[in-house]
2 protein chains.
Amino acid sequence: MADMTVTDGGKTLRQGSAVKREAILGAARGLFLAEGFERTSVDAIAALAQVSKRTVYDYFGDKRALLLSVVEQALGTLMSVVDRAIADHLTEVQDLEASLIAFARSISETAIGSADYVALIRLVSNEAANLPELRAHNWAMVEPEVKVADRLAAFAEQGLLVVPDPRMAADHLTALTMTPSMTGATAGITTTNDETQRRIVAGVRAFIRAYEPRG
Amino acid sequence: MADMTVTDGGKTLRQGSAVKREAILGAARGLFLAEGFERTSVDAIAALAQVSKRTVYDYFGDKRALLLSVVEQALGTLMSVVDRAIADHLTEVQDLEASLIAFARSISETAIGSADYVALIRLVSNEAANLPELRAHNWAMVEPEVKVADRLAAFAEQGLLVVPDPRMAADHLTALTMTPSMTGATAGITTTNDETQRRIVAGVRAFIRAYEPRG
DNA sequence: GTGACACTACACCGTGCAGTGTAGTTAAGT
DNA sequence: ACTTAACTACACTGCACGGTGTAGTGTCAC
């Protein structure tokens with residue numbers, strides 16, 4: 001034991017290289033999102049990451065901690081993607097419809113690498129019941145909503161929209177644009193890209209009709 | 001072997017009483033929805049149903065088949081609930097807003113016994129990846145949407161709404177009213193009833209604003 | 001060289017759990 | 001009384017998988 005660092009759990013973890021760490025996280029994320037937590041074996045993760053099972057344990061301690069890391073990372077990138085999309089599309093807006101469409105599109109395209117936004121939510125929802133730590137991090141899932149709500153409030157001040165309850169409006173926007181996978185679409189059955197685009201456009205239009213100022 | 005009946009799988013199942021069958025299905029449904037499929041042991045189901053584990057297997061063959069039965073049953077009741085709600089609230093409408101609110105409310109209250117509509121969807125989504133039979137039955141989840149779409153089209157004909165794409169509109173209605181549990185709410189953390197009510201009302205109002213005829 | 005470290009390969013343990021086999025009990029049908 | 005079916009209790013198998021221990025290899029630093 002030499003280059004070991006102790007973490008809160010009392011486990012001694014290896015320092016390790018960022019590359020391997022990322023490989024493991026990537027493999028775990030892919031499998032967790034596709035197969036679910038329980039059905040994914042650590043052996044499978046190790047194999048996919050081209051790493052010995054022992055290394056996985058040396059890096060992350062146990063399966064729960066690994067899941068936690070995966071979720072934290074995914075949540076982090078998700079939030080930065082949203083930040084970026086807000087900066088790119090929801091500031092200095094002239095054509096509101098076009099901007100909202102671009103916004104929704106850029107999120108649904110980028111998302112979390114190749115992984116699904118909704119798959120992540122499902123994963124967290126499923127495991128949160130059994131992992132208190134996850135439940136704590138769960139609020140983070142809501143933070144993007146808050147930021148969107150802020151933007152909508154700003155649009156309201158500019159007279160572009162009528163938004164009495166920004167949080168609710170933000171929920172409605174995401175509900176209308178991000179739910180292709182809710183009804184109908186199931187794990188593995190990716191909806192076609194065309195379909196996603198159509199839904200985003202229709203969702204944004206409905207949202208604007210619902211929240212635009214009336215004559 | 002006497003009163004045995006053969007099923008497609010080649011397994012020989014017991015005839016059994018409807019009461020026991022229902023007890024097992026109920027226990028399994030509760031545990032599957034609350035804990036997920038993998039985390040639920042057949043022993044736990046048997047215990048909760050006050051039945052020997054052997055009986056569970058004699059009735060349903062194996063865990064997969066049991067899950068399938070649970071989902072079929074839940075889907076069945078869900079569909080009948082929707083039918084009922086449509087009949088009760090979406091025919092002979094004078095106050096559209098009130099009717100839609102009553103409709104959404106009656107579904108979210110009744111749902112599937114005490115179980116969650118969304119929990120069922122999550123369950124199916126999660127296991128569909130690994131159970132082809134489930135994926136087949138999955139389309140049934142969409143059928144309520146179709147019926148709602150029909151009603152919306154009817155409203156459009158009456159001049160109450162403007163609905164170019166009924167299926168999309170139905171998706172929007174459910175998205176707006178049924179997503180309390182999507183963002184934020186997680187398994188086990190039941191949103192308060194007040195909150196649910198608020199969301200239903202706000203969702204319906206937004207829907208109507210989005211789809212009402214304009215002057 | 002000689003450590004120190006990262007890593008693999010592999011054997012290994014414990015356990016939870018799906019599924020089965022079976023003997024014995026109860027109740028009903030005849 | 002005899003049979004038959006439903007059911008329980010319980011023991012038991014087999015396996016998958018989480019997690020650990022360890023011996024050995026490559027590699028860099030000094």
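Chain identifiers are assigned alphabetically (A, B, ...) following the order of the sequence lines, protein sequences preceding nucleic acid strands; residue numbering begins at 1 within each chain.
Rounded to whole Å, the distance from OH on A:Y59 to C1' on D:dT20 is 19 Å. If you measure from atom CG of B:D58 to atom C1' of C:dA18, you get 14 Å, rounded to the nearest angstrom. If you take CZ of A:R21 and C1' of C:dC7, they are 15 Å apart, rounded to a whole angstrom. At whole-Å resolution of the value, CZ in B:R54 and P in C:dG24 are 17 Å apart.
Under the 3.5 Å distance criterion, with hydrogens and angles disregarded, no donor-acceptor pair is assigned to the side chains of A:S80 and A:T77.
Projected onto DNA chain D by closest heavy-atom contact, B:Q50 and A:R64 fall at different nucleotides, the more 5' of which corresponds to B:Q50.
Taking the ring axis of B:F37 as reference, the NZ or CZ atom of B:K63 stays within 45° of it and closer than 6.0 Å to the ring centre.
The two residues B:H89 and B:S99 make their nearest non-hydrogen contact at O-CB, 3.4 Å.
Contacts of B:N130 classified as side-chain hydrogen bond (donor to acceptor under 3.5 Å, both in side chains), with partners at least two apart in sequence or in another chain: A:R39.
Within the 4.0 Å cut-off from OP1 or OP2 of D:dT8, at least one side-chain nitrogen or oxygen of B:T55 is found.
Salt-bridge annotation for B:R64 and B:E133: present, with a side-chain N of the basic residue lying under 4.0 Å from a carboxylate O of the acidic one.
With rounding to the nearest 0.5 Å, the separation of CE in B:M168 from CD in B:E145 is 11.5 Å.
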Extract from the structure each pairing of a protein N or O with an N or O of nucleotides 14-18 of chain D at less than 3.5 Å, listing the distance.
unit_1	atom_1	unit_2	atom_2	d
D:dG18	OP1	A:T40	O	3.4
D:dG18	OP1	A:K63	NZ	2.9
D:dG18	OP2	A:V42	N	2.9

